[in-house]
Q: 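One structure coming up, written as structure tokens, with questions to follow.
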Amino acid sequence: MLYLTLFICFISSILVTPLVKKLAFKIGATDKPNQRKVHQKIMPRLGGLAIFISFLIGYFLLQPTSPYALAIIIGSFIIIITGVLDDMMELSAKIKLGGQLLAALIVVVYGGVQVQYINLPFNGSLELGVLSIPLTIIWIVGITNAINLIDGLDGLAAGVSSIVLITISGMAIMMNDVFVTSMGFILLGSTLGFLLYNFHPAKIFMGDTGALFLGYMISVLSLLGFKNVTLISLIVPVIILGVPISDTFFAIIRRIVKNQPLSAPDKSHLHHCLLRLGYSHRQTVLIIYGMSAIFGLAAVIFSQVQTMWGSFLVLAILIFAIEIIVEKIGLVDKTYRPLLNMFQALRYK
């Protein structure tokens, strides 16, 4: 029944997306070209509504049960309303953040989805106490915006989200977590159906409706699936979400280095850097898909490592690889090359 529902969601998304495309033009939910955008013509957004409708079809067919289910669905409606309004009239950053905070509060306070303690090395744990609620909210809002930030090329956010969902669902199967597996599969089928219209050259964008919804759902599912299974809590979902988290982290570093506001837009995200290096639109998207798949594989390996030192080794290799890539492509700044400069100095000694 699970795989049948995934297929139904996939077909539903294929059928619903053209209808949402017509609706987007009708209500003015379109994206106009500007100096920051890659596309050259007016494009319909709101595609995330097709993902959401297909997700709801799958949810009501499969009816996965969990104490958290109702709160997650209520929160998703709040996120969708926020996204639709933004796709129609471009809400201010404060109002968008307000919608995200409200959705997160519903899940955390009403639903009880909380990170209550952090597992530490050598069998220790740190109780979060009063910090449990704010830290969980920060995670949900942070991941929601991280997915939104990578939504800059045709098929990029939908494809990366699909790879993340495959990883989360696969690991949930390994842990016999029926609810996370079911929700992940439903969302995966809905996203893949939309991706057929969204891959380059895109016929429709997911808009904030889709990016915020996918980010919200991924953030919540990653909390439910992995908050208490690793030696260091939240490491697995952080690795799975390595591409959007890294891009967001270095965007913050970049703006601090350049003394710019954190909310300032720029054209120096991961996909922009790869495009500047001469890769085509499609090549850039596929390269980032590959990066996301590597992070997913690394998360699986990390979760299966039996020793503390093995876990640290996996993390060290990942951090080293990320730093080299960041310096190579100029994700922070073209002059930021500490490791590469060090290797160059050693080479000429």
Side-chain angles (χ1 to χ4, degrees), residues 48 52 55 66-86 91-120 125-151 157 161 164-165 168 172 177 179-180 183-184 187 208-230 232-249 251-252 255 261-263:
F52 181 62
F55 166 80
S66 168
Y68 310 116
L70 180 59
I72 292 172
I73 295 300
I74 293 172
S76 69
F77 271 99
I78 294 170
I79 282 289
I80 287 294
I81 291 169
T82 303
V84 168
L85 291 175
D86 186 60
L91 301 175
S92 69
K94 288 182 179 179
I95 294 176
K96 281 170 63 176
L97 179 60
Q100 295 169 43
L101 285 171
L102 180 57
L105 278 168
I106 293 292
V107 171
V108 174
V109 178
Y110 173 68
V113 178
Q114 296 174 23
V115 180
Q116 297 179 338
Y117 62 89
I118 295 176
N119 293 317
L120 300 175
S125 66
L126 174 65
E127 296 289 338
L128 294 177
V130 294
L131 294 177
S132 175
I133 290 177
L135 287 177
T136 308
I137 289 172
I138 288 171
W139 170 266
I140 294 173
V141 173
I143 298 304
T144 299
N145 281 285
I147 297 296
N148 197 23
L149 279 176
I150 65 167
D151 186 27
S161 295
V164 167
L165 288 167
I168 290 175
D177 191 326
F179 179 72
V180 172
M183 295 291 273
L187 196 55
D208 273 21
T209 307
L212 294 180
F213 172 61
L214 286 174
Y216 161 79
M217 290 298 299
I218 286 170
S219 69
V220 174
L221 291 179
S222 63
L223 277 181
L224 292 178
F226 309 110
K227 64 180 180 177
N228 295 324
V229 296
T230 59
I232 304 174
S233 182
L234 293 182
I235 289 293
V236 169
V238 166
I239 296 174
I240 293 172
L241 292 157
V243 167
I245 287 177
S246 298
D247 197 23
T248 303
F249 174 77
I252 293 170
R255 284 155 191 169
L262 294 182
S263 59

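Please read these numbers as outputs of a predicted model, since none were measured by experiment.
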Q: Show the nearest heavy-atom pair for residues Ala103 and Gly75, with the distance to one decimal.
A: CB-O, 3.5 Å
Q: Is there side-chain contact between Val164 and Ile147, with at least one heavy-atom pair below 4.5 Å?
A: no
Q: What is the minimum heavy-atom distance between Ile140 and Ser219, and which atoms define it?
A: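 Heavy-atom minimum between the residues: CG2-OG, 3.5 Å.
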Q: Looking at CD1 of Ile150 and OG of Ser161, how far apart are the two atoms once the value is rounded to the nearest 0.5 Å?
A: 5.5 Å
Q: List the steps and the verdict of side-chain contact (heavy atoms from CB on, under 4.5 Å) for Leu70 and Tyr110.
A: CA-CA 9 Å; Leu70 180 59; Tyr110 173 68; 3.4 Å; yes
Q: Given Gln100, which of Thr144, Thr82, Asn145, Asn148 fulfils the side-chain hydrogen bond (donor to acceptor under 3.5 Å, both in side chains) condition?
A: Asn145
Q: Might you work through the side-chain contact (heavy atoms from CB on, under 4.5 Å) test for Ile78 and Tyr216, ending with a clear yes or no?
A: CA-CA 11 Å; Ile78 294 170; Tyr216 161 79; over 6 Å; no
Q: Show the nearest heavy-atom pair for residues Ala104 and Ile137, with the distance to one decimal.
A: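 Minimum heavy-atom separation between Ala104 and Ile137: CB-CG2, 4.1 Å.
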Q: After noting the C-alpha distance and the side-chain angles of Met183 and Val220, does the key distance pass the side-chain contact (heavy atoms from CB on, under 4.5 Å) rule?
A: CA-CA 11 Å; Met183 295 291 273; Val220 174; over 6 Å; no
Q: Between Phe55 and Phe213, does the ring centre distance come in under 6.0 Å?
A: yes
Q: With side-chain contact (heavy atoms from CB on, under 4.5 Å) as the test, would you mind laying out the steps for Ile143 and Ile245 before giving the verdict?
A: CA-CA 7 Å; Ile143 298 304; Ile245 287 177; 3.8 Å; yes
Q: Mind checking the NZ-CG spacing from Lys96 to Asp86? Nearest 0.5 Å is all I need.
A: 4.0 Å
Q: What heavy-atom pair brings Ile240 and Ile168 nearest, and what distance separates the two atoms?
A: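 So the minimum-distance heavy-atom pair works out to CD1-CG1, 4.1 Å.
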Q: Please name the pair of heavy atoms, one in Thr136 and one in Ser132, separated by the smallest distance, quoted to 0.1 Å.
A: OG1-O, 2.7 Å
Q: Measure across Gly48 and Ile80 and return the closest heavy-atom pair with its distance rounded to 0.1 Å.
A: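 Heavy atoms only, the tightest pair is O-CD1, 4.5 Å.
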Q: What distance separates Ile133 CD1 from Leu105 CG, expressed to the nearest 0.5 Å?
A: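 It is 8.5 Å, given to the nearest 0.5 Å.
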Q: When rounded to the nearest 0.5 angstrom, what distance separates CZ in Phe52 from CG in Leu214?
A: 11.5 Å
Q: Any chance you could measure Ile81, atom CD1, to Leu212, atom CG, to the nearest 0.5 Å?
A: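 Rounded to the nearest 0.5 Å, the CD1-CG separation comes out at 13.0 Å.
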Q: Which distance, rounded to the nearest 0.5 Å, do you find between the OG1 of Thr248 and the CG of Leu149?
A: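 If we round to the nearest 0.5 Å, Thr248:OG1 and Leu149:CG are 4.5 Å apart.
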